[in-house]
Amino acid sequence: MRDSYLVFGQPLIEQAEIDEVVGSMQAAWLGTGPKAAEFERRVAAYKGVPHAVGLNSCTAGLHLACVVLGLEPGDEIITTPMTFCASINAIIHAGATPVLADVDPVTMNIDPEAVRRAITPRTKAILPVHFAGRSCAMDELMAIAKQHDLKVIEDCAHAIETEYHGQKAGTIGDLGVLSFYSTKNIVTGEGGMVLTRDAELAQRTKMMGLHGMSSDAWKRFSDDGYRHYDVEEIGFKYNMMDLQAAIGMHQIDRVEAYWQRRQVIWNRYLEAFANMPLQTPATWPDNERHALHLFTLLVNEADAGISRDNMLIALHKQNIGTGVHYRAIPDLKVYRERCGWRSEDYPNAKMIGDRTLSLPLSPKLTDQDVEDVIAAVANAVDC
Ligand SMILES: *Cc1c(COP(=O)(O)O)cnc(C)c1O
């Protein structure tokens, strides 16, 4: 057994980020400034989208997306029960009502047919999540949106590298939102970004993310002299710091190299688990690109001889950190109580939520770390 604990989702931080952060500290410019702008430019170039607005989290970005698209109390937004709580909370914070549509059991993404069934006269938007980095069925979802005049907000927290039929995830709907949280494919510690093709939405996202102040208010303390600003709307405080962008602007330059490293790990896992009584992630069509964010095993106790929860414990005891992405949203207390959801009504999300377990997949893993994970899993299922 390995002697040190393998922490789940540890990012790879390299010297360029460390030097850049130190540079920001030495220049004593910590808040939003030129590095945030540079990081936005690099991400926009990578995604091939004209506008990117850096924020302090993806959660903030999802909230702002609802706000700038004009979603308000009484409006319903259809989303997935197989996501992080932030996707749901952002909708509720905007005053709108989340409505769940079950996932496809194979892709684990929101099922367009379930979306159709969930539409009411109050439906105003769809918030699909590209789960684990696999693209949602965007042709079908965009067709539904067009037919019913709905906005589309893509939760791309797992999906910076994801592509669908030649289009990049986050650039297909009205707005796409990235996360740079510490466990995501590229990191800034905490951080997020809103992507859009629409200049006006970008400008409004920026303004509403900085108190509702007139544009570029952060420049008011710069060396071109004091400038008055105006406050145009009641906004939020969601801007990205240069300290965060200092990390991100180098991470984005390595996004493809990290993806390639995760692909090697992914393929090694597939090979190693092929003969074990565990379900590995489904394959995807050639005209999609998977971001390879989460390698999820489905542990069915009847086959594996061990429950998912006991497998979490067995791996932990062997010094392997894992994750659960996710328990089905309706199984979480506040949503049961406040939204009245019951997981029986979303059987595919429930099945996944009860069986899923995510293995370490960071580019920081060494080949030996990967072999340690495989050996620990084999041991847990007696293979
Ligand atoms: C991580 C995550 C978020 C929230 O991202 P933050 O940057 O931590 O706010 C939202 N949605 C999904 C699917 C996530 O995995």
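No experiment lies behind these values; they were computed from the predicted model shown. Counting convention: from 1, in listed order, for ligands and their atoms alike. Hydrogens, waters and symmetry mates play no part in the numbers below; they use all other heavy atoms, side chains included.
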Check your understanding: Partners of Tyr46 by ring pair (Phe, Tyr, Trp, His ring centres under 6.0 Å), sequence neighbours excluded?
Key -> none
Review point. With hydrogens left out, which residues have an atom under 4.0 Å from ligand 1, given that only heavy atoms count?
Key: Ser57, Cys58, Thr59, Thr83, Phe84, Ala86, Ser87, Val129, Asp155, Ala157, His158, Ser179, Tyr181, Lys184, Gly191, Tyr326
Review point. Aromatic rings Phe295 and Phe273: how do their planes relate, parallel, tilted or perpendicular, breaks at 30° and 60°?
Key: tilted
Review point. Does the separation of the ring centres of Tyr181 and Phe84 fall below 6.0 angstrom?
Key: no
Check your understanding: Relative to each other, are the rings of His158 and His325 parallel, tilted or perpendicular (30° and 60° limits)?
Key -> perpendicular
Point to revise | Other cluster members, Leu150 - Ile/Leu/Val/Met/Phe/Trp/Tyr, side-chain contacts below 4.5 Å | key: Ile78, Val99, Ile110, Val115, Ile119, Ile126, Met138, Leu141, Met142, Ile144, Val152, Tyr164, Ile172
Point to revise | His316: ring pair (Phe, Tyr, Trp, His ring centres under 6.0 Å) partners, not counting sequence neighbours | key: Tyr5
